[in-house]
There are 2 protein chains.
Amino acid sequence: MDTTFTAQDYLVKYGIKPSVQRIAIMEYLMKHRTHPAADEIYEILLECIPTLSKTTVYNTLKLFAEQGALQVLGIDERNIRYDIDTSRHAHFICLGCGKVYDLAVEGLDRLILKEEFFMTEMHLYYKGYCKCCQSKENQKTENRETN
Amino acid sequence: MDTTFTAQDYLVKYGIKPSVQRIAIMEYLMKHRTHPAADEIYEILLECIPTLSKTTVYNTLKLFAEQGALQVLGIDERNIRYDIDTSRHAHFICLGCGKVYDLAVEGLDRLILKEEFFMTEMHLYYKGYCKCCQSKENQKTENRETN
DNA sequence: TTCACTGCAAATCATTTGCAAGGCC
DNA sequence: GGCCTTGCAAATGATTTGCAGTGAA
């Protein structure tokens, strides 16, 4: 659908002046819908842009968020996670591997606050274990039981 | 309903050995349903227990959470907030004053995950401005417009 | 005596800030 | 030239950890 929609287009759309660093970070976010933290982005991009500074990654992500180009997730207590999908959807974090999954939850719009508070954001966060880590946990338990 | 239900009872109920510090922290949580952060608890209790250490507050809150005596809130990016009400309900944080409000949201139980993931926790967080801070914001805007 | 609880000091770690250098219009 | 962007180094601030002293059973 958006084969010709580049990272640079995306930046311009949100009123962000493109630069090598900004394009690289946006490209990473567009390619990896894994809700990466700043450090992950930094570590990977360092291979292509050896002069990249972590400060720039932090500043850039903050800028993107302020401009509405991405949504900030508070689901992970350790790191701020970022989601390029700014539509209303839920998130699941696996307490085993730390992966954050997107979740389409029906009826989310029904939960919008209308009275008493002026709502600017709404987040539905789930925590637990993904399929992969569940089986690992089971293995551990089994091992414990047989020991 | 629970006029005779003391902080100490509460601790014992959750298998936590009482101590002066633990009782004081639990009492604070029971009296102030404001979802305080560790530092707030520390600052206030210091008046009664001058030897209290912040480490003890952190350790105690962590212990309480592990024992299921309170729920950990990730709604505030700056501080961990704690809620003695462990029943399923939503939270609203005011971006103006930082207060965290409890919210009864109908249909929350319908959002429980049953497939694909093993869910251990579920949080519905709202952000925005409370009545009080809305009016302050409006005043500011009015001032701006008349200047 | 033992063991859990406490509290100080230091460490950790993500994020922010100050500031100087470089680059672009 | 002036402003915006970048990046280093240092600061910040919440939380954790190491460890030694204390107190209770």
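Both backbone and side-chain heavy atoms feed into the values below; hydrogens, waters and symmetry mates do not. So that the names make sense, note that chain A is the first sequence line, chain B the second, and so on, each numbered from 1.
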Just jot down the side-chain contact (heavy atoms from CB on, under 4.5 Å) partners of B:V20, sequence neighbours excluded, or say none.
B:I49

Hey, could you give me the OH/OH distance between B:Y28 and B:Y82, rounded to the nearest 0.5 Å?
14.0 Å

Check nucleotides 20-25 of chain D against the protein and report each pair of N or O atoms closer than 3.5 Å, with its distance, or say if there are none.
none

Do B:Y101 and A:F117 have their ring centres less than 6.0 Å from each other?
yes

Between B:H91 and B:D83, is any side-chain donor less than 3.5 angstrom from a side-chain acceptor?
yes

Any donor-acceptor pair under 3.5 Å linking the side-chain atoms of B:D9 with those of B:T6?
yes

Readout for nucleotides 5-19 of chain C: B = base within 4.0 Å of protein heavy atom, S = sugar-phosphate only, - = neither; 5' to 3' it is SSBBB----SBBB--

In whole Å, what is the span from the CD1 atom of A:I16 to the P atom of D:dC4?
16 Å

So, the side chain of A:N79 versus the backbone of A:R81: is there a donor-acceptor pair under 3.5 Å, distance only?
no

Euclidean distance, A:L108 CG relative to A:S87 OG, rounded to 0.5 Å:
10.0 Å

Whole Å only: how far is the CG atom of A:L61 from the C1' atom of D:dT6?
15 Å

Charged N to carboxylate O below 4.0 Å: is that the case for A:R33 and A:D85?
no

